[in-house]
Amino acid sequence: MITGGLGLIGSALAARLAGLGADVLLVDNLFPEYGGNLFNIAPIRDRVSVEIADVRDVRAMRELLGGCRYPLQSGGARPAISTP
């Protein structure tokens, strides 16, 4: 599972993992200011799963993490990079 999976960093990581044969779940809230966009995963859309959810939603995250072995956090990277 990759949070922020529809952003630049998350989608690049997803492409690499999908290319290695991993089952990849992308979680993103699609807030425009964070850069998430389905266009970012167009080349791998058929090899990944997408869930539109906010990492601040505890109930959703508990459910999504239930079957997850390796959670990777890339959500919120854009504001952190543009505002050090």
Side-chain angles (χ1 to χ4, degrees):
M1 181 173 92
I2 303 171
T3 62
L6 298 178
L8 178 67
I9 296 168
S11 61
L13 179 57
R16 180 70 173 139
L17 292 173
L20 293 171
D23 292 327
V24 181
L25 170 63
L26 305 177
V27 179
D28 204 296
N29 60 19
L30 284 178
F31 288 177
E33 60 270 15
Y34 288 93
N37 190 317
L38 289 167
F39 175 80
N40 291 335
I41 61 160
I44 58 166
R45 182 62 185 102
D46 62 334
R47 295 185 283 151
V48 298
S49 300
V50 176
E51 186 71 36
I52 306 303
D54 194 316
V55 296
R56 297 171 294 179
D57 182 341
V58 175
R59 183 173 289 153
M61 289 301 106
R62 281 189 180 141
E63 183 179 320
L64 292 169
L65 284 166
C68 178
R69 290 181 65 188
Y70 305 105
L72 304 171
Q73 166 65 14
S74 73
R78 183 170 180 233
I81 290 171
S82 64
T83 310

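- No more than 12 heavy atoms of other residues, nucleotides or ligands sit less than 6.0 Å from atom CG of D23.
- Checking side-chain atoms of D28 against main-chain N and O of G36 turns up no donor-acceptor pair under 3.5 Å.
- Applying the side-chain hydrogen bond (donor to acceptor under 3.5 Å, both in side chains) test to R56 and every residue at least two apart in sequence or in another chain returns D54.
- Taking CD from Q73 and CG from L13, the interatomic distance works out to 11.5 Å, rounded to the nearest 0.5 Å.
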Step-by-step side chain to side chain contact (heavy atoms under 4.5 Å, CB included) determination, V24 to R47: CA-CA 8 Å; V24 181; R47 295 185 283 151; over 6 Å; no

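- The nearest pair of heavy atoms linking V55 to M61 is O-CG, 3.4 Å.
- A continuous path of hydrophobic side-chain contacts links L25 to L65 [ILVMFWY only; heavy atoms under 4.5 Å].
- Closest heavy-atom contact between V27 and L64: CG2-CD1, 3.9 Å.
- Around CD of E63, the count of heavy atoms belonging to other residues, nucleotides or ligands within 6.0 Å does not exceed 12.
- Panel note: side chain R45, backbone V48; a donor-acceptor pair is recorded below 3.5 Å.
- Of the possible polar contacts, one joining the S74 side chain to the T3 backbone as a donor-acceptor pair under 3.5 Å is found.
- For the pair G5 and I41, the tightest heavy-atom approach, listed with the atom from each and the gap, is O-CG2, 4.0 Å.
- Hydrophobic clustering keeps L8 apart from L72 (ILVMFWY residues linked when any side-chain heavy atoms are closer than 4.5 Å, directly or through intermediates).
- Taken from OG in S11 to CD1 in I44, the straight-line distance is 7.0 Å, to the nearest 0.5 Å.
- Considering CG of L26 and CG of L38, their distance stands at 9.5 Å, rounded to 0.5 Å.
- One distance of note links CD1 of I52 with CG of L6; it measures 5.5 Å at 0.5 Å rounding.
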